[in-house]
Amino acid sequence: MLIQTETTPNPATLKFLPGQKVMDAGTRDFATPEDAEASPLAEALFSLGDVEGVFFGRDFISVTAGPGTEWRDLKPQVLGILLDHFSSAAPLFKAATAAGITVDAPEDFGDDPADAEIVEQIRELIETRVRPAVAQDGGDIVYRGFRGGTVFLAMHGACSGCPSSTMTLKSGIESLLKHYVPEVETVEAV
């Protein structure tokens with residue numbers, strides 16, 4: 001099995017492509033070792049000690065190294081864990097009952113029902129143009145709301161904490177949304 005790696009705009013994050021589906025649907029962001037308890041793979045990556053974040057996309061895993069960690073030292077260890085996981089066809093998540101699962105509701109910035117058509121346009125642009133591009137860089141961006149001309153977006157994976165994320169948000173996403181949806185005045189990360 002060959003796992004390809006790609007750099008991301010975030011120098012602390014590498015994108016690993018196992019050549020097969022990672023998530024059937026959606027994405028999953030693990031920001032702490034405690035978050036990773038739901039996934040044997042994420043737990044194993046955090047157990048390396050130098051990992052600060054793990055993100056599962058449709059066909060990739062992004063791993064963020066902690067401050068001062070050199071990828072030349074960490075990369076072989078991450079590849080070993082990923083090879084073991086995918087070669088053994090281990091489950092991505094632990095089996096559990098729904099009773100043990102709690103999901104924090106995302107912060108709701110509220111959409112005015114009068115803005116329904118605008119919100120639909122914004123969501124469509126994010127889903128068809130922004131998310132695919134951001135996924136190529138090992139991250140994800142999720143719509144959280146539109147209020148008073150401001151679009152609120154949550155950044156995950158390689159995008160979270162990336163030095164160029166502000167530029168991407170303002171120069172890329174904000175410009176795109178303003179061009180197609182004149183009611184958009186600004187875009188903010190939450």
Side-chain angles (χ1 to χ4, degrees), residues 5-17 22-36 38 42 51-69 71 101-190:
T5 60
E6 293 179 359
T7 58
T8 71
N10 184 346
T13 303
L14 280 182
K15 181 179 174 182
F16 296 85
L17 299 126
V22 175
M23 296 275 292
D24 288 326
T27 60
R28 181 69 190 264
D29 194 12
F30 302 95
T32 66
E34 293 76 28
D35 292 344
V51 171
E52 193 173 74
V54 176
F55 181 79
F56 296 157
R58 185 179 54 80
D59 61 353
F60 67 90
I61 295 115
S62 291
V63 178
T64 302
T69 301
W71 268 112
I101 299 173
T102 60
V103 177
D104 294 334
E107 189 171 352
D108 181 12
F109 288 86
D111 294 331
D112 185 339
D115 293 332
E117 190 174 310
I118 296 166
V119 169
E120 185 178 328
Q121 290 175 329
I122 293 168
R123 284 179 178 269
E124 176 72 18
L125 286 166
I126 290 168
E127 289 300 317
T128 60
R129 300 217 177 171
V130 177
R131 287 185 83 192
V134 170
Q136 287 182 344
D137 286 339
D140 194 16
I141 227 164
V142 180
Y143 173 84
R144 289 290 181 238
F146 175 72
R147 186 177 58 209
T150 301
V151 176
F152 298 96
L153 301 172
M155 303 174 89
H156 301 285
C159 296
S160 181
C162 175
S164 62
S165 64
T166 302
M167 187 172 173
T168 299
L169 199 65
K170 292 297 182 182
S171 298
I173 298 167
E174 185 174 276
S175 296
L176 173 84
L177 292 177
K178 282 179 168 181
H179 176 76
Y180 287 103
V181 186
E183 294 83 358
V184 172
E185 296 170 12
T186 188
V187 174
E188 288 186 25
V190 294

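Across all their heavy atoms, Asp35 and Arg28 have their closest contact at O-NH2, 3.9 Å. The shortest non-hydrogen separation linking Pro132 to Ile126 is CD-O, 4.2 Å. Summarising the geometry of Lys178 relative to Val184, their closest heavy-atom pair is CG-O, 3.3 Å, with the distance given to 0.1 Å. Heavy atoms only, all atoms of each residue included: Pro11 and Pro9 are closest at CD-O, 3.3 Å.
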Kindly indicate, with the supporting measurements, whether the criterion side-chain contact (heavy atoms from CB on, under 4.5 Å) is fulfilled by Glu6 and Phe60.
-> CA-CA 10 Å; Glu6 293 179 359; Phe60 67 90; over 6 Å; no
Show your working on side-chain contact (heavy atoms from CB on, under 4.5 Å) between Thr27 and Asp29 and close with a plain yes or no.
-> CA-CA 7 Å; Thr27 60; Asp29 194 12; over 6 Å; no
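Residues meeting the side chain to side chain contact (heavy atoms under 4.5 Å, CB included) test with Ser175, sequence neighbours left out: none. Residues satisfying the side chain to side chain donor-acceptor pair (under 3.5 Å) criterion with Glu127, sequence neighbours excluded, are Arg131.
Without hydrogens or angle criteria, Thr13 side chain to Thr8 main chain gives no donor-acceptor distance under 3.5 Å.
Between Phe16 and Trp71, the two ring planes are tilted [angle within 30° to 60°].
If you take CD1 on Ile61 and CZ on Phe55, they are separated by 11.0 Å, rounding to the nearest 0.5 Å. To the nearest 0.5 Å, atom CD of residue Glu52 and atom OG1 of residue Thr32 are 11.0 Å apart. Rounding to the nearest 0.5 angstrom, the gap separating the CG atom in Leu125 from the CD1 atom in Ile122 is 8.0 Å. Here the straight-line distance linking atom CZ of Phe146 with atom CD of Glu120 works out to 14.0 Å at 0.5 Å rounding. Remark: Phe152 CZ to Arg144 CZ distance equals 12.5 Å, nearest 0.5 Å. Residue Thr7 holds its OG1 atom at 10.0 Å from NZ of Lys15, rounded to the nearest 0.5 Å.
Tyr180 is not listed as a side-chain neighbour of Gln121, based on a closest heavy-atom distance of 4.5 Å or more.
No side-chain N or O of Glu185 forms a donor-acceptor pair with one of Thr150 less than 3.5 Å apart.
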